[in-house]
Amino acid sequence: MGRTAVRRVNEWDGPSMLKVYAPYTGTHMAPEQEPPGLQEYVQRIDRYTYGLGWLLCEIDHQTVGFCHLSEDPSQPEDLFSVEFQLYVKQGLSRRHIGTALWQLMREMMEMGNRRRVLCRVDRENQAALGFFMAMGFVPLAGDPPEEPEKAWLVYQLAPWAPQAAKPTKPYLVEAEDYEAARERAADLVDLTGI
């Protein structure tokens, strides 16, 4: 049986993450038509990992999925609201990899006092829509940005300190809390047959 880890990303993970992401580009499942170059991708990781958060899931030290946060495109000035993206290596769906990544990211956002998270899903991507709805996301009320082909979903977080003046960056979350959340997430992955 394989060994699972769900953890924070660093720039050395860029090549393996890009291998997971590249097959999605040019489809309705990714925002880009072509995969970015490795150097550009590593710069994205450097830019967002410490301020917002990128996580990955490994089985036997092989990247099988990752997720990350970016600014809320509908309210970029709101530091408490972020956008979430998730990618699982093709051929490994329904093994709870996405669930494990979402759980750890959700816990870290709540530890860090974020208040809401959005995701944009192409309406054709019924599997992704089903996943996010199962995780507790609901359609965003009001007037989402003009993207009729996208469904905008929102999840209201339960911040640990609801009155915090600003969010806590992911790498400043207490190590003990982070490690416990990592273990809970890793236990979710289905390793049957791996």
Side-chain angles (χ1 to χ4, degrees), residues 1-32 35-50 52-70 82-112 117 119 121-122 125-137 155 170-171 173-194:
M1 184 174 281
R3 180 183 179 279
T4 305
V6 185
R7 63 171 175 82
R8 294 181 190 125
V9 167
N10 61 58
E11 62 271 14
W12 304 110
D13 296 313
S16 67
M17 291 167 58
L18 197 51
K19 285 180 184 176
V20 171
Y21 178 62
Y24 288 100
T25 59
T27 75
H28 63 271
M29 295 183 227
E32 297 173 283
L38 179 58
Q39 190 63 30
E40 178 189 343
Y41 204 63
V42 168
Q43 288 172 348
R44 286 184 202 177
I45 294 169
D46 285 341
R47 177 178 173 202
Y48 286 115
T49 298
Y50 299 105
L52 290 167
W54 288 51
L55 301 174
L56 66 73
C57 180
E58 297 172 312
I59 298 175
D60 290 335
H61 306 286
Q62 299 295 313
T63 300
V64 294
F66 69 93
C67 64
H68 64 86
L69 302 176
S70 56
V82 289
E83 183 178 15
F84 177 75
Q85 291 185 31
L86 169 71
Y87 300 95
V88 173
K89 185 175 182 179
Q90 292 185 346
L92 290 178
S93 60
R94 303 208 177 274
R95 291 192 167 271
H96 308 294
I97 294 165
T99 304
L101 287 162
W102 163 245
Q103 178 169 306
L104 180 56
M105 185 64 86
R106 180 184 51 76
E107 288 198 56
M108 290 188 67
M109 286 187 288
E110 292 181 342
M111 291 175 202
V117 58
C119 67
V121 181
D122 194 286
N125 193 348
Q126 291 298 309
L129 284 169
F131 169 80
F132 284 112
M133 299 294 265
M135 295 300 107
F137 282 76
Y155 185 97
Y171 69 96
V173 166
E174 291 289 336
E176 184 177 346
D177 295 327
Y178 167 67
E179 291 300 331
R182 273 178 28 121
E183 288 178 21
R184 286 190 295 274
D187 286 343
L188 294 173
V189 178
D190 180 2
L191 297 173
T192 305
I194 293 180

Do Q126 and F131 have side chains that approach each other closer than 4.5 Å (heavy atoms only, starting at C-beta)?
no

Validation row: V20, F66 side chains within 4.5 angstrom (heavy atoms):
yes

Whether the side chain of R8 engages the backbone of P170 through a donor-acceptor N/O pair (distance < 3.5 Å, no angle test) should be reported.
yes

Measuring only between side-chain heavy atoms, which start at C-beta, is D13 closer than 4.5 Å to R7?
yes

Correct closest heavy-atom pair for L56 and V9 would be N-CG2, 3.7 Å

Backbone of G65 reached by a side-chain donor or acceptor of T63 within 3.5 Å:
no

Which heavy atom of T4 sits nearest a heavy atom of C57, and at what distance?
CG2-SG, 4.1 Å

Which heavy atom in N125 sits nearest to a heavy atom in V121, and how many Å separate them?
O-CG1, 3.9 Å

Quick one: are Y171 and T49 in side-chain contact, heavy atoms under 4.5 Å?
no

Atom pair CZ (R106) and CD (Q103), whose distance is rounded to the nearest 0.5 Å
5.5 Å

For a salt bridge (charged side-chain N to carboxylate O under 4.0 Å, His left out) check, start with the C-alpha distance between R3 and E58, then their side-chain angles and the critical distance, and finish with the verdict.
CA-CA 8 Å; R3 180 183 179 279; E58 297 172 312; 5.7 Å; no

CE of M133 to CE of M135, rounded to nearest 0.5 Å, is 12.0 Å

Assess whether side chain to side chain contact (heavy atoms under 4.5 Å, CB included) is satisfied between L69 and M105, documenting all intermediate values.
CA-CA 9 Å; L69 302 176; M105 185 64 86; 3.7 Å; yes

Y21 and P31 have their tightest heavy-atom pair at OH-CD, 3.7 Å

Are the side chains of M108 and D177 in contact, using a 4.5 Å heavy-atom criterion?
no

Show me, pair by pair, the donor-acceptor contacts under 3.5 angstrom made by side chains of residues 179-189, not counting sequence neighbours?
unit_1 : atom_1 : unit_2 : atom_2 : d
E179   : OE1    : R182   : NE     : 3.2
R184   : NE     : E107   : OE2    : 3.3
R184   : NH2    : E107   : OE1    : 2.4

Are Q85 and Y87 linked by a side-chain donor-acceptor pair shorter than 3.5 Å?
yes

Any heavy-atom pair between the side chains of M109 and V82 that's under 4.5 Å?
yes

Non-hydrogen atoms of L18 and G37 that approach each other most closely:
CD2-C, 4.3 Å

Taking D60 for its side chain and Q62 for its backbone only, find out whether a donor-acceptor pair lies under 3.5 Å.
no

Quick one, F84 and F132 - any side-chain contact, counting heavy atoms below 4.5 Å?
yes

Below 6.0 angstrom between ring centroids: does that apply to W54 and Y41?
yes

Beyond-backbone contact of N10 with I45, side-chain heavy atoms, under 4.5 angstrom:
no

Using atom types as modelled, flag every donor-acceptor pair under 3.5 Å from a side chain in residues 88-102 to any protein atom, sequence neighbours excluded.
unit_1 : atom_1 : unit_2 : atom_2 : d
R95    : NH1    : D190   : O      : 3.0
R95    : NH1    : T192   : O      : 2.8
R95    : NH2    : T192   : O      : 2.9

Of the non-hydrogen atoms in Y24 and A30, which two are nearest, and what is the gap between them?
O-CB, 3.4 Å

